[in-house]
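Working notes for the structure below.
Quick note on labels: first sequence line is chain A, next is B, and so on, each numbered from 1. As the structure is a prediction and not an experimental result, all values here were calculated from the model.
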Amino acid sequence: MASGGGVPERPTLEGLEEKWSEIWERQGAYRFDREAPRERVYAIDTPPPTVSGSLHVGHVFSYTHTDAIARYRRMRGMQVFYPMGWDDNGLPTERRVQNHFGVRCDPLVPYDPDFKPPAEPSQKEPVAVSRPNFVELCLELTETDEQAFEQLWRRLGLSVDWSMTYTTIGKLAQRISQRSFLRLLRRGEAYQLEAPTVWDVDFQTAVAQAELEDRERPGAMHRVRFAIDDAQAQALIDTTRPELIAACVALLAHPDDERHNELVGRQALTPLFGTRVPVLTHPLVDPEKGTGLVMVCTFGDLTDVVWWRELGLPVRSVLGPDGRLLEVPWGTAGWESVDVETARARYGELQGRTVNQARRRIVELLQESGDLVGEPQPVTHAVKFFEKGERPVEIITSRQWFIHTVEHHEELIARGRELSWHPTYMRARFEDWVEGLSGDWSISRQRFFGVPFPVWYPLDASGAVVYEEPILAREEQLPVDPSTDVPDRYEPQQRGRPGGFTGDPDVMDTWATSSLTPQIAGHAGEDEELFQKVFPMHVRPQAHDIIRTWLFTTILRSQLDYDELPWRNAAISGWVLDPDRKKMSKSKGNVVTPMHLLEEHGADAVRYWAARGRPGTDTAFDPQQMKVGRRLAVKLLNASKFALADLPPEGETVTHPLDRAMLARLAAVVADATARLEQYDYARALEHTEEFFWWYCDFYLELVKGRRYDTSPQAAASVSLALRLSLSAFQRLFAPFLPFVTEEVWSWWQQGSVHRALWPDAAELAGAAAGAERNGEEMALAVTADVLREVRKAKSQARRPMRAPVRRVVVRDTARRLQALELGSDDLVAAGAIELLEPIEDEAFAVEVELAPETP
RNA sequence: GGGCGUGUAGCUCAGUUGGUCAGAGCACCUCGCUUACACCGAGGGGGUCGCCCGUUCGAGUCGGGCCGCGCCCACCA
């Protein structure tokens with residue numbers, strides 16, 4: 001490594017980032033050596049950030065934590081496998097591409113090799129493009145973003161091996177995703193099913209349970225009258241979704257609710273449409289809600305699905321994938337009515353309308369028919385949304401691929417307990433989520449920019465799709481895109497023809513690929529030698545909000561494919577919060593971009609702020625802390641300069657009591673920091689190191705100044721050695737947190753990179769100070785510092801400079817402490833400019849300071 | 001409604017097994033250009049440790065109950 005060639009006259013932080021990033025890159029400072037044995041490998045399952053615009057402060061925060069861990073492990077002599085992935089597939093990219101280029105994907109449009117996006121993108125009237133053209137635009141945009149991301153990470157000083165990047169849309173990720181899927185399918189762990197599925201009507205795709213969130217929305221409760229047995233009696237139900245009355249398949253009461261005994265077992269007639277539906281019971285009905293009677297529709301919510309399944313009810317679907325009411329065949333099987341013509345006419349008023357439009361209209365119809373009791377009552381209720389969506393999700397029956405999860409509950413809980421969680425309480429979030437899972441994982445998405453299912457289906461003589469006999473791709477073919485690739489034994493022109501084939505049109509859920517990051521980064525099935533070295537990995541760093549998605553699905557896939565944990569540790573980071581304790585919002589994050597922060601405060605300073613954030617704990621965004629970090633970096637520069645510039649020759653051993661005591665304390669700090677880092681508690685490692693470092697500068701360096709500048713070699717021998725030992729340790733202790741400034745000061749006097757140097761050894765330092773406790777040397781340092789503090793106080797209160805001479809200092813203290821003070825008195829009188837030090841034995845510590853008169 | 005976490009000086013936070021634990025930094029005030037550092041140093045003011053019970057000789061520190069905040073979950077009637 002290049003040597004800085006001695007201590008500069010005026011050390012500065014300016015330019016260190018450019019200088020050292022460039023050198024690190026040239027020297028391959030962070031290159032992973034795959035020849036290392038497995039025992040010396042430390043593998044990190046780096047989170048691939050979503051490439052959908054820009055990184056924000058939260059990324060800087062959590063990636064810094066991981067980098068501190070990576071640097072620590074490297075200094076422990078490990079070969080750190082630290083790749084970087086870009087999560088570029090999926091909806092965020094699609095949405096960004098649509099907005100950026102003013103296009104929308106239409107799978108029916110043919111590919112145009114000469115396509116150019118519109119010069120003036122219009123989001124109101126997007127240009128329809130083919131799926132291959134759309135994918136090309138996605139790849140173009142993500143490539144640009146990924147370069148910008150890499151620049152930021154390098155500027156932040158992440159010690160990533162940049163020769164090992166991957167993208168979740170790349171060929172490697174596609175092969176691994178498809179191969180895993182095919183194997184799951186063969187083992188029966190993946191299956192296809194036509195079933196009610198949670199559906200986003202804007203994106204027009206199925207979404208998984210994990211991608212849902214509740215949002216409070218205003219709504220209205222409508223009390224609706226159902227006639228019983230052709231108007232002999234009536235039933236009243238409350239509903240927020242009257243537009244689904246045509247989809248009603250039953251009314252339900254709780255089995256113990258005697259109020260409805262008369263009705264149970266009879267038939268009710270839906271208002272407006274006159275369809276007969278049974279009145280049944282189910283224990284899930286809450287007698288406290290509404291009238292105690294509930295309308296079951298196919299499907300208004302997830303509970304409807306439970307009732308429908310458990311009671312064997314028929315399906316009457318009225319909602320289409322676009323969120324509008326479908327055309328339905330009144331008068332045919334399943335759509336019977338006591339008055340078909342009226343039903344058809346009234347439904348005609350709703351057909352084609354969106355849910356909200358239909359709801360407004362049906363309320364009017366119910367009012368006209370007299371089936372609405374009273375006025376709709378406004379309510380606020382939690383409604384399920386796709387986390388990226390803008391309208392509530394619906395439940396639509398469709399054909400989807402699933403992966404078994406429910407039947408693996410117990411194995412997954414057991415794996416969660418094998419994993420070391422940092423902090424430990426995060427395990428509860430995992431277990432809560434697993435316990436609460438109600439269905440298998442739906443992995444199909446009706447989208448475009450994702451990993452396709454490597455599956456085709458034969459078409460029968462009538463051209464109907466034979467889903468029961470999927471044609472699977474061979475593993476050697478992967479990755480395949482069934483929309484353009486042709487299965488074995490078929491010709492391209494047979495696509496879509498009777499007796500021919502068709503490709504599975506769907507792509508995999510983004511988590512279905514992200515759940516394989518250890519396999520992708522480790523090249524599972526492609527470079528088995530590498531994979532065996534790195535898998536299972538050592539740590540998964542990630543934030544707490546995606547335990548239910550990324551962490552959970554990764555454990556699931558590893559369990560299914562390898563029957564073991566994908567990693568040993570989970571290091572969970574918190575979020576960055578606004579000063580008002582809300583999650584840092586996108587808009588604010590864009591105002592304060594990470595690059596601006598780095599430019600204003602410097603990478604080490606920003607990293608300092610991040611590293612002070614406790615594992616798992618949300619942390620306030622605080623530029624003030626970055627200023628503190630910058631001060632620390634400057635202090636390290638200056639302290640290193642003091643300790644190293646023109647230092648007199650060092651002795652063989654550290655002999656002075658205060659030097660030895662300082663090293664003993666340092667040894668304890670090293671031991672503490674090491675233990676903390678072993679437990680992934682980078683924050684306390686930094687805090688304790690920093691705390692001691694400031695003490696070291698304020699007291700130790702001041703105390704030994706006299707000896708350090710002493711012209712006699714004997715006087716300086718001990719302190720020279722102690723300064724070198726301590727500075728060397730400090731520089732390495734701070735290296736995981738402040739990589740740039742530590743590399744700079746290290747280069748002044750050492751060979752090679754500090755980031756490849758071995759982590760300081762507490763035992764070695766303790767050895768150099770052996771017996772410091774027993775000999776009273778540690779007490780000497782404590783008492784000396786106590787007295788120095790009193791002397792400074794006296795000078796400060798007398799408004800005198802710190803170098804002002806002191807005529808006499810009387811120290812009252814116990815015999816033991818006074819004895820110890822004697823060991824450090826030479827440094828004390830020098831540092832305090834004390835003429836006479838007078839110890840007096842006493843029970844309590846007290847100091848009298850008599851300053852020399854001020855000389856004009 | 002359930003789970004987890006959190007509530008300590010104006011701000012950001014330390015306080016490991018209950019007894020110098022009432023702290024640090026920032027901010028504020030005062031002083032000092034001392035040969036590592038003025039991107040500095042020295043000193044100072046400032047808190048009934050969310051609230052209420054309890055255990056204990058003694059509780060930010062343990063137990064119970066409230067309240068606030070955050071995240072996750074829950075059957076949208």
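Ring geometry, A:W421 versus A:F430: the interplanar angle falls from 30° to 60°, so the pair is classed tilted. The aromatic rings of A:W749 and A:W746 stand perpendicular to each other, their planes meeting at an angle above 60°, with 30° marking the opposite boundary. Taking the six-membered ring where the residue is Trp, A:W575 and A:H544 present tilted rings, their angle falling between 30° and 60°.
Residue A:D304 is classed as having no contact, given no heavy-atom separation below 4.0 Å to the nucleic acid. Among the protein residues, A:V305 comes within range of no part of the nucleic acid, since none of its heavy atoms lies under 4.0 Å from any strand. Base contact: A:C697 has a heavy atom under 4.0 Å from a base atom. Using a 4.0 Å heavy-atom cutoff across all strands shown, A:K641 reaches sugar-phosphate atoms only and no base atom. Among the atoms of the strands shown, only primed sugar atoms or phosphate atoms (P, OP1, OP2) are found under 4.0 Å from some heavy atom of A:M221. Within the 4.0 angstrom heavy-atom criterion, base atoms lie near A:V383. Residue-level contact check: A:K627 touches neither bases nor backbone, having no heavy atom under 4.0 Å from any strand.
Listed candidates were B:C40, B:C4, B:U12. Nearest to the side chain of A:K635 is B:C40. Comparing B:A27, B:C76, B:G25 by their nearest atom to the side chain of A:K384 picks out B:C76. Of the listed nucleotides (B:G43, B:A42, B:C26), B:C26 has the atom at the smallest distance from the side chain of A:Q624. Checking B:A36, B:C26, B:A14 against the side-chain heavy atoms of A:R684 singles out B:A14 as nearest. Candidate nucleotides B:G70, B:C75, B:U12 were compared by shortest atom distance to the side chain of A:D622, and B:U12 ranks first. For A:E702, counting side-chain heavy atoms from C-beta on, the closest listed nucleotide (B:G44, B:C4, B:A36) is B:A36. The side chain of A:R789 approaches B:G43 more closely than any other nucleotide in the set B:G43, B:A36, B:C4. For A:R429, taking side-chain heavy atoms from C-beta onward, the closest of the listed nucleotides B:C76, B:C4, B:G43 is B:C4. In the set B:A27, B:C76, B:G32, B:C76 carries the atom at the smallest distance from any side-chain atom of A:T240. Among the nucleotides B:C72, B:G44, B:U34, the one closest to the side chain of A:M802 is B:U34.
Between A:R800 and B:A42, a side-chain N or O to OP1/OP2 separation shorter than 4.0 Å is absent. In this model, the phosphate group of B:C76 is not approached by any side-chain N or O of A:K289 to a distance below 4.0 Å at OP1 or OP2.
Across all strands shown, B:C40 pairs with B:G32; the Watson-Crick or G-U wobble distances both stay below 3.5 Å. Base-pair partner of B:U55: not found among the strands shown (Watson-Crick or G-U wobble, both distances under 3.5 Å). Checking B:U20 for Watson-Crick or G-U wobble geometry (two distances, each under 3.5 Å) identifies no partner in any strand. Nucleotide B:G60 forms no Watson-Crick or G-U wobble pair with any nucleotide shown, as no partner meets the under 3.5 Å limit on both distances. In this structure, B:G5 and B:C69 make a Watson-Crick or G-U wobble pair, each of the two defining distances being under 3.5 angstrom. As the counterpart of B:G25, B:C11 is assigned, both hydrogen-bonding distances of the Watson-Crick or G-U wobble pattern falling under 3.5 Å. Across all strands shown, B:C75 has no partner, as no Watson-Crick or G-U wobble contact with both distances under 3.5 Å is found.
Across the protein-nucleic acid pair, A:F386 atom CZ and B:C76 atom C1' stand 19 Å apart, rounded to whole Å. Computed from coordinates, the A:N638 CG to B:A38 P distance equals 7 Å when rounded to whole Å. Here the P atom of nucleotide B:A27 and the CZ atom of A:R631 are 6 Å apart, to the nearest Å. In this structure, the CZ atom of A:R803 is 18 Å from the P atom of B:G41, given to the nearest Å.
Where A:S796 and A:D432 meet RNA chain B, the nucleotide closest to each residue was compared, and A:D432 sits on the side nearer the 5' end. Sequence order on RNA chain B of the closest nucleotides to A:V285 and A:R630 puts A:R630 first from the 5' end.
Aromatic ring centres of A:F692 and A:W695 lie closer together than 6.0 Å.
B:U17 sits 11 Å from B:C62 when the C1' atoms are compared, rounded to a whole Å.
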Worksheet item: Should A:F61 and A:W609 be marked as a ring-ring contact (aromatic ring centres under 6.0 Å, His included) after you check the CA-CA gap, both sets of side-chain angles, and the distance that decides it?
Response: CA-CA 8 Å; A:F61 182 67; A:W609 158 73; 5.4 Å; yes
Discussion item. Pair A:E690, A:R612 - check salt bridge (Lys or Arg N to Asp or Glu O under 4.0 Å), show working.
Written reply: CA-CA 11 Å; A:E690 183 198 6; A:R612 294 283 307 224; 2.6 Å; yes
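Pairing each heavy atom of A:A220 with each of A:V379, the nearest pair is N-CG2, 3.9 Å.
Base orientation of B:G44: anti (glycosidic angle beyond 90° from 0).
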